[in-house]
There are 4 protein chains.
Amino acid sequence: MNTKTKRKTDPALAHARREQVLAAAADCFKRRGYHGAGMAEISRTAGMSAGHIYNYFASKEAIIESIIERDMEEMFSIFQEFEDQPGDLVTILLDGLDHGVERHTDINQGALDLEMLAEAARNEKVALLLRESDKLAREKMRSLLIGERSPLKLASMAEIDSRIEVMFAVMSGLLLRKTLNPSINKAGLLVALRPAMKTLLTPFESLEPLN
Amino acid sequence: MNTKTKRKTDPALAHARREQVLAAAADCFKRRGYHGAGMAEISRTAGMSAGHIYNYFASKEAIIESIIERDMEEMFSIFQEFEDQPGDLVTILLDGLDHGVERHTDINQGALDLEMLAEAARNEKVALLLRESDKLAREKMRSLLIGERSPLKLASMAEIDSRIEVMFAVMSGLLLRKTLNPSINKAGLLVALRPAMKTLLTPFESLEPLN
Amino acid sequence: MNTKTKRKTDPALAHARREQVLAAAADCFKRRGYHGAGMAEISRTAGMSAGHIYNYFASKEAIIESIIERDMEEMFSIFQEFEDQPGDLVTILLDGLDHGVERHTDINQGALDLEMLAEAARNEKVALLLRESDKLAREKMRSLLIGERSPLKLASMAEIDSRIEVMFAVMSGLLLRKTLNPSINKAGLLVALRPAMKTLLTPFESLEPLN
Amino acid sequence: MNTKTKRKTDPALAHARREQVLAAAADCFKRRGYHGAGMAEISRTAGMSAGHIYNYFASKEAIIESIIERDMEEMFSIFQEFEDQPGDLVTILLDGLDHGVERHTDINQGALDLEMLAEAARNEKVALLLRESDKLAREKMRSLLIGERSPLKLASMAEIDSRIEVMFAVMSGLLLRKTLNPSINKAGLLVALRPAMKTLLTPFESLEPLN
DNA sequence: CATGAATGAGTTTTCATTCAT
DNA sequence: TATGAATGAAAACTCATTCAT
């Protein structure tokens, strides 16, 4: 009746298994770190033998690379939402802060991001993937900030890029904050975060006649 | 009788040896990461045998813990300078940004900090030390911001803490920025960083009647 | 009723499948060695799944054993040709050298033979098969050399056996020569090989009054 | 009193340990083959931990390479003896046969040689070493056979090389004979081996007017 | 008959740590 | 104090073999 199932390699099963492994690995990396988590633990978490994982991933390295790629796609869809949303750009971005803070102060996700960043220092492939991802994110952001509806559309490109760097620094810095001060909370953060971001999204001149 | 001072344990020599190991280990951790750097490489860099290191440190873990403690002391002296400096607090802090950016975009130091943070996720002792260090830093900063010469002396404690969190987020976020975008430079960053920090160091109301 | 012959086990198909596997395995063993060739590669080469091979062979070991048995049969037919051929025995055998050299300097076949011999050192079953094969070959040769048309028919059995050992040593030694000196060629070899073989096929006395 | 012993790395100890490992590995390779022998077994045989072996050899491969190099040196000294010995060359070489047969029918050495040859088929480094060794052996032999005291000094180089190939084939073929027919003995072999070698060491013409 | 997903024991290799000297 | 030889418990990865379908 249904699709001629199960003859020859089933790509759906293979895909499901890959996801199973990625989820398990992400989980283990968060808890134990990339080097701390052994293939044995990952396979136990994924509910399959260690040997079998190698039918889906060439190496442990390939697993973390896949995780990064999955994260890149997630980030893309977030920027796409900003682009698609109608209305005042500053408002949209400031409203997006809630979600951004949520994402960046999630202790699990943060631990994983940190692992990937630390790994980048000694694994060139990981570094390249992360930098590529970051580059695309900056470009997305730039295209938003120089767009017609942006209050910064007249600013120089150098200034735009500087603003982006600082905005990205704040957001990614939140990852570390949650590790260094586990008691912070979203609401508290936003009190100062929103004004700071607003500053970064509007022209400076009026505020800084001296600088 | 004579100055044959080196009989039995010489505390000065012991201290020098410890420093030698710490410097070597920091160097190796920066280049190879905590797990990537082996005791063999550290001992080679320190110019002493691997076995001998264990006369000064109980374990590899103890070494990174000592490095963290050393970094804490360094951070302390920086805050002390802010406290001791006369004049307008905002100006002092904004002027300090140059040095802060330098410190946080140094790719070597950044790599080491990242290693320590990632290690914190799986090593409770490291986490505790880092959190202790961060707590002290926040307290130092808080005492600056509620002091007599601060424009924020009337703000609520919750607001002060929120500002501190965000300021710390930006600065520590710079560590990640250098990894993700190796081409950023200090001068470029300051264009947007100074206004953002200024916002975080002065009362919000006047700037944000709408929010 | 009709010729729907393929219900249940078809011995012809089974035999074809076995041959398919043996050919593929021989090919892989030549290229990668017995341990270097995995069941995965063999199954790919044979055009059937790895699991299915186990319907025809109990183990990887059983495969190499079958290959040896097949080689034994091939060797038999060669000796049979010598026996069946009319004319002077020495001439027949010396003329057979061309084919023998061809066979023993074929780099592929040589690699496979070497694999089997090396495997014999650690696998008793393989050793037994090879020795059995060799024993039969020596017997065949002996029956040729003591036959009516042989110039050695009057020699002692010990001498006959010694001659056979040395002749076999030369021929099997060629396997190694091709590995150790890939640039040798058939024509060059025969210059010295034919006289040596002739010595081994004719009475010694006249040549060696001293020994 | 004695040599300033034991300060810093002791090269004598290191050398002894290397020999220990080489002996143990050779032993294991003979019994189990290169792939059959694990580092665990080798280390047990050598009386040291598996990990420690890696202080002396970079890999299991490096061990077999060292064994080959040691064998090369042994072969050299044998040829050197031939060169240094005074008297009739043919007699010297034929007298050397006893020792050669001993060496090539030693079941242990034979197993090891076979392993190395089989490994050469899949390990380029091993193949290169063995070929280099063989090349040097052929050159040594050639220089003997074209020397003043050789009955072959007038033969063409092609013929000399052909004779060498066949002589080497016989001798190396003996390695296989012992594996295929464990009951052969030195004395029996020599009955036919000496005449065959004599043929290969003296001019052909007088013996073979027909060929 | 035929598949290939799945296993798990086995492999080589690394490395923090100990200890006799 | 100082060495580096030595250990052994991991680690990542491979592969012959099994079995549900």
Side-chain angles (χ1 to χ4, degrees), chain A residues 5-10 13-14 17 35-43 47-63, chain B residues 6-10 13-14 17 35-44 47-63, chain C residues 6-10 13-14 17 35-44 47-63, chain D residues 5-10 13-14 16-17 35-43 47-61 63:
Chain A
T5 41
K6 297 285 170 48
R7 217 46 213 295
K8 291 268 177 182
T9 309
D10 180 359
L13 176 58
R17 288 278 184 263
H35 288 96
M39 291 302 291
E41 185 178 5
I42 294 174
S43 72
M48 82 184 67
S49 75
H52 195 34
I53 291 182
Y54 286 84
N55 288 332
Y56 301 109
F57 296 91
S59 64
K60 196 185 174 188
E61 221 183 322
I63 295 177
Chain B
K6 295 266 177 57
R7 274 321 275 293
K8 286 281 168 179
T9 315
D10 175 353
L13 176 56
R17 288 283 194 238
H35 287 94
M39 290 300 290
E41 185 179 3
I42 294 173
S43 71
R44 218 178 308 121
M48 83 184 64
S49 77
H52 196 36
I53 292 184
Y54 285 82
N55 288 329
Y56 301 110
F57 296 92
S59 64
K60 196 184 172 189
E61 225 181 323
I63 296 177
Chain C
K6 297 266 177 55
R7 271 324 274 291
K8 287 280 168 178
T9 317
D10 175 351
L13 177 56
R17 287 283 194 240
H35 288 95
M39 291 300 289
E41 184 178 5
I42 294 173
S43 72
R44 219 178 307 120
M48 84 184 66
S49 76
H52 196 36
I53 292 183
Y54 285 82
N55 287 328
Y56 301 109
F57 297 91
S59 65
K60 196 184 173 188
E61 227 182 321
I63 295 177
Chain D
T5 41
K6 296 286 170 49
R7 215 49 212 291
K8 290 269 176 181
T9 309
D10 178 0
L13 175 58
R17 288 279 185 261
H35 288 96
M39 291 301 291
E41 185 178 3
I42 294 174
S43 71
M48 83 184 66
S49 76
H52 195 35
I53 292 183
Y54 285 82
N55 288 333
Y56 301 108
F57 296 92
S59 64
K60 195 184 173 187
E61 221 182 322
I63 296 177

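Just so it is clear: chains get the letters A, B, ... in the order the sequence lines come, proteins before strands, and each one is counted from 1.
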Any sub-3.5 Å donor-acceptor pair from K60(A)'s side-chain atoms to G38(A)'s backbone N or O?
->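 Absent.
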Does dA5(F) have OP1 or OP2 sitting under 4.0 Å from an N or O in the side chain of Y56(D)?
->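 False: Y56(D) side-chain N/O out of range (4.0 Å or more) of dA5(F) OP1/OP2.
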Whole-Å distance between dG4(F) C1' and R17(D) CZ?
->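 The distance from CZ of R17(D) to C1' of dG4(F) comes to 12 Å, rounded to the nearest Å.
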Could you pull out the closest heavy-atom pair between M48(C) and R17(C), with the gap in Å?
->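 Smallest interatomic distance, heavy atoms only, reads CE-CD, 3.6 Å.
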B/S/- contact track for nucleotides 7-14 of chain E, protein heavy atom under 4.0 Å = BB---SBB
Contacts of S49(A) that satisfy side-chain contact (heavy atoms from CB on, under 4.5 Å) - sequence neighbours left out |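 side-chain contact (heavy atoms from CB on, under 4.5 Å) check on S49(A) returns H52(A).
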Can you run through DNA chain F from 5' to 3' and write each base as (, ), [, ], | or . depending on how it pairs? Watson-Crick or G-U wobble, both distances under 3.5 Å.
-> .||||||||||||||||||||
Quick one: side-chain hydrogen bond (donor to acceptor under 3.5 Å, both in side chains) partners of Y54(B), sequence neighbours excluded?
->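 Once residues adjacent in sequence are excluded, Y54(B) has no partner under the side-chain hydrogen bond (donor to acceptor under 3.5 Å, both in side chains) criterion.
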Output, in order, the C-alpha distance, side-chain angles, deciding distance and verdict of side-chain contact (heavy atoms from CB on, under 4.5 Å) for I63(C) and M39(C).
-> CA-CA 11 Å; I63(C) 295 177; M39(C) 291 300 289; 4.2 Å; yes
